[in-house]
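As structure tokens, the structure follows; a few thoughts come after it.
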Number of protein chains: 2
Amino acid sequence: MKDAHPTGPRVTLPHPAAKLPGSNPCAACAVRDRAICAVLDDSELEQLSGLARPSDLDVGRTVFFEGDDADSLYVLIAGALKLYKLLPDGRRQITGFLFAGDFLGLAFNEEYQFTAEALMPSRLCRLPRTKIEGLLPEMPKLASRLLNLAFTELASAQTQMLLLGRKTAQERLASFLLHLADRLAGQGDPVSLIHLPMSRADIGDYLGLTVETVSRGVTKLKSAGLIALRDGNYIQIQDRPGLEGVAGDL
Amino acid sequence: MKDAHPTGPRVTLPHPAAKLPGSNPCAACAVRDRAICAVLDDSELEQLSGLARPSDLDVGRTVFFEGDDADSLYVLIAGALKLYKLLPDGRRQITGFLFAGDFLGLAFNEEYQFTAEALMPSRLCRLPRTKIEGLLPEMPKLASRLLNLAFTELASAQTQMLLLGRKTAQERLASFLLHLADRLAGQGDPVSLIHLPMSRADIGDYLGLTVETVSRGVTKLKSAGLIALRDGNYIQIQDRPGLEGVAGDL
DNA sequence: CGATATCTTGAGGAATCTCAATACTAGTGG
DNA sequence: CCACTAGTATTGAGATTCCTCAAGATATCG
């Protein structure tokens, strides 16, 4: 295993969050209408904005490690992350991928339950956990939004259990691509062209497969005319119904 | 697949919840100090008690099906449940087992995301979802308890993903037994003697294995002297450190 | 005590993993 | 602009784990 990514240097992103003097920086945030902020009105957002600290991360840098004290919550403003757990011998399970607008740090019990690492240059909005927790009683809309997020996460975790426990390699791969396409579509991207910021090894660790099996699976889907590979780690879905057929669960 | 368990007849349990006239029935509840009720004071509990409806279920009966409108939340007062998802061809993934004191129906978005079925005669406390949601803003302690429960569930779902995606059959089985022992221990039972209210097939569907593999795995653990089988579907842990060694993740 | 479901054990097969070699890609420096 | 390097992806061949199919043993329940 060559996984050792100390938290480290920062990188400058193309679109830094605008900081208009005398105005609420959150108002201009790229994900203001998504994330948890969408349910808040301007005055509530104002309260949050004072607590928010943006930070940038380069590829391979970690936001936090499994076992670290969970003292912060994050909103991913730009980029992409992978979340994973490790076994002592190095086997790894990626429990999720995060994209712009996603919330990070839901399990704010005591310690983070997984490591969060950047797949590409990313920008996060950091919020102190205890202060947010303190705000919850007086901001029921935020509390209910968090509860809803947790429920959605839970539902998708259960779907992933079904995938890991009961689906074949081809089914897993097809499900993964369709799921990814749907998530990115929800963010305005075209539905059929999917950017894969993660490596084949990452996909394998997400689907409970080896790199080789993922690679063979991709080749097979390509040969069947269901997908096509494009430059820069893009995949184009060419036959969605066909791919859904392979995924197995409609 | 022979799975078809219509919701149906009720059964009488040995310890029906006492209904003292003029007093709060919840106060006498067997799980009053666990479940979500533990964080509530007597007056808050009084509010909830008016909404609660107990109901009993016989083995094999379902509380609800995946896809049903999620109009109720439940606390399991006695017995045990399995939660599962199905693929169209009948493959099944059990996403969790529930025991006395556990909360059911966390994902109260629109529809239940899984089917809940009784493993033994069980008693549930049913709460109307919309009324509970309405109470949340004025009962922040309840809201925060639910949030915490959701986080705990999420963490354990991620641990299960690691198990399903990356552990061998033996590791899965050992992990399962240890996990079960710890949960039951939290309820006062002795730590080394585990009651298994579920069948081998259920264990298989929980661990992403076949019945035969589970059975062989149990035999192997028994031969190694790590566990012993007792009458009535009990398993005795005889060498916990050894079992932890097999589980692999300490 | 018999009927039925569940559990265990065995033998062979299939899907996926492991190990190994080759091809591709992106970044670096000449 | 090209060659070089390091990382990543693909492909191949054989090994292994787990699954499938089948039979027998045990447990449960009326």
Side-chain angles (χ1 to χ4, degrees), chain A residues 1-5 11 58-60 82 87 89-93 119-121 163-174 196-223 227-235 246 248, chain B residues 1-5 11 58-60 82 87 89-93 119-121 163-173 195-223 227-235 246 248:
Chain A
M1 281 284 140
K2 39 99 219 281
D3 270 303
H5 299 294
V11 68
D58 210 345
V59 180
K82 62 182 172 192
L87 288 173
D89 64 2
R91 281 176 287 175
R92 185 176 65 158
Q93 180 65 37
L119 289 168
M120 51 195 297
L163 178 147
L164 291 170
R166 287 303 180 213
K167 286 189 172 181
T168 66
Q170 283 305 100
E171 289 171 336
R172 293 181 202 194
L173 196 51
L196 300 176
M198 70 291 287
S199 68
R200 296 286 190 269
D202 287 339
I203 297 175
D205 283 345
Y206 181 60
L207 299 178
L209 304 169
T210 58
V211 194
E212 295 93 330
T213 301
V214 171
S215 191
R216 281 185 248 271
V218 168
T219 303
K220 219 164 157 187
L221 293 177
K222 198 175 55 175
S223 308
I227 61 170
L229 273 59
R230 309 275 173 214
D231 278 357
N233 246 329
Y234 278 82
I235 281 188
V246 174
Chain B
M1 282 286 138
K2 36 101 220 276
D3 271 302
H5 300 294
V11 69
D58 210 345
V59 180
K82 62 182 172 193
L87 288 173
D89 64 2
R91 279 175 289 174
R92 184 175 67 160
Q93 179 65 38
L119 288 169
M120 51 195 296
L163 179 148
L164 291 170
R166 288 301 180 215
K167 286 190 174 181
T168 66
Q170 282 306 98
E171 289 171 337
R172 294 182 202 194
L173 196 50
H195 179 219
L196 300 176
M198 70 291 287
S199 68
R200 296 286 189 270
D202 287 338
I203 298 175
D205 282 345
Y206 181 61
L207 299 178
L209 303 169
T210 58
V211 194
E212 295 92 331
T213 301
V214 171
S215 189
R216 280 185 249 271
V218 169
T219 303
K220 219 162 155 188
L221 292 177
K222 198 176 54 176
S223 308
I227 61 170
L229 273 59
R230 309 275 170 207
D231 277 358
N233 244 331
Y234 279 80
I235 282 189
V246 174

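Per chain, numbering begins at 1; letters A, B, ... match sequence-line order. What's counted below: heavy atoms across the whole structure, side chains too, no hydrogens, waters or symmetry copies.
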Review point. What nucleic acid atoms does A:Leu229 come within less than 4.0 Å of, heavy atoms only: base, sugar-phosphate, or nothing?
Key: sugar-phosphate
Review point. When all nucleic acid strands are considered with a 4.0 Å heavy-atom cut-off, which category describes B:Thr219: base, sugar-phosphate, or nothing?
Key: sugar-phosphate
Review point. Can you check the A:Leu209 CG to D:dT16 C1' distance for me, whole Å?
Key: 16 Å
Pairs: protein N or O with nucleotides 26-30 of chain D N or O, under 3.5 Å:
none

Practice item. Report the distance from atom NE2 of B:His195 to atom CE of B:Met120, rounding to the nearest 0.5 Å. Key: 5.5 Å
Review point. Could you walk me through whether A:Arg166 and B:Leu164 pass the side-chain contact (heavy atoms from CB on, under 4.5 Å) check?
Key: CA-CA 9 Å; A:Arg166 287 303 180 213; B:Leu164 291 170; over 6 Å; no
Revision key, fill the gap. Judged by nearest nucleotide, the residue sitting upstream toward the 5' end of DNA chain C, A:Gln170 or B:Met198, is B:Met198
Practice item. May I ask you to say what A:Leu207 touches in the nucleic acid, namely base, sugar-phosphate or nothing, with a heavy-atom cut-off under 4.0 Å? Key: nothing
Check your understanding: Below 4.5 Å, heavy atoms only, C-beta onward: do B:Lys82 and B:Asp205 meet side chain to side chain?
Key -> no
Practice item. For residues B:Ile203 and B:Leu173, determine if any side-chain heavy atom of one lies less than 4.5 Å from a side-chain heavy atom of the other. Key: yes
Review point. Rounding to a whole Å, what distance do you find between A:Tyr234:OH and C:dT25:C1'?
Key: 16 Å
Point to revise | Atom pair CG/CZ of B:Leu209 and B:Arg216 - distance to nearest 0.5 Å | key: 11.5 Å
Review point. Nearest to the side chain of B:Ser215 - D:dA9, D:dC18, C:dC7?
Key: C:dC7
Practice item. Could you check how far CG of B:Leu196 sits from C1' of C:dT6, rounded to whole Å? Key: 14 Å
**Study point:** Euclidean distance, atom CG of residue A:Asp205 to atom C1' of D:dT8 [Å, nearest integer]
**Key:** 14 Å
Exercise for review: Find the distance A:Arg92:CZ to C:dC17:P and express it as a whole number of Å.
Suggested key: 15 Å
**Study point:** Whole-Å distance separating the CD1 atom of B:Ile235 from the C1' atom of C:dT8
**Key:** 14 Å
**Study point:** Polar side-chain atom of A:Arg172 near backbone of A:Leu207 as donor-acceptor pair, under 3.5 Å
**Key:** yes
Exercise for review: Specify the separation, in whole Å, of atom NZ of B:Lys167 and atom P of D:dT17.
Suggested key: 18 Å
Review point. Which value, rounded to the nearest 0.5 Å, describes the distance between B:Leu87 atom CG and A:Lys167 atom NZ?
Key: 6.0 Å
**Study point:** A:Leu221 CG - D:dA9 C1' separation (whole Å)
**Key:** 16 Å
Check your understanding: Which part of the nucleic acid, if any, lies within reach of A:Gly208 when heavy atoms closer than 4.0 Å are counted: base, sugar-phosphate only, or nothing?
Key -> sugar-phosphate
Review point. Considering only heavy atoms from C-beta outward, does the side chain of B:Gln170 approach that of B:Lys220 to under 4.5 Å?
Key: yes
Which pairs, protein N/O on one side and nucleotides 18-22 of chain C N/O on the other, fall under 3.5 Å?
residue	atom	partner	partner atom	Å
C:dT18	O4	A:Arg216	NH2	3.1
C:dC19	N4	A:Glu212	OE2	2.8

Check your understanding: If you measure from CG on A:Leu229 to OH on A:Tyr234, what distance do you get to the nearest 0.5 Å?
Key -> 13.5 Å
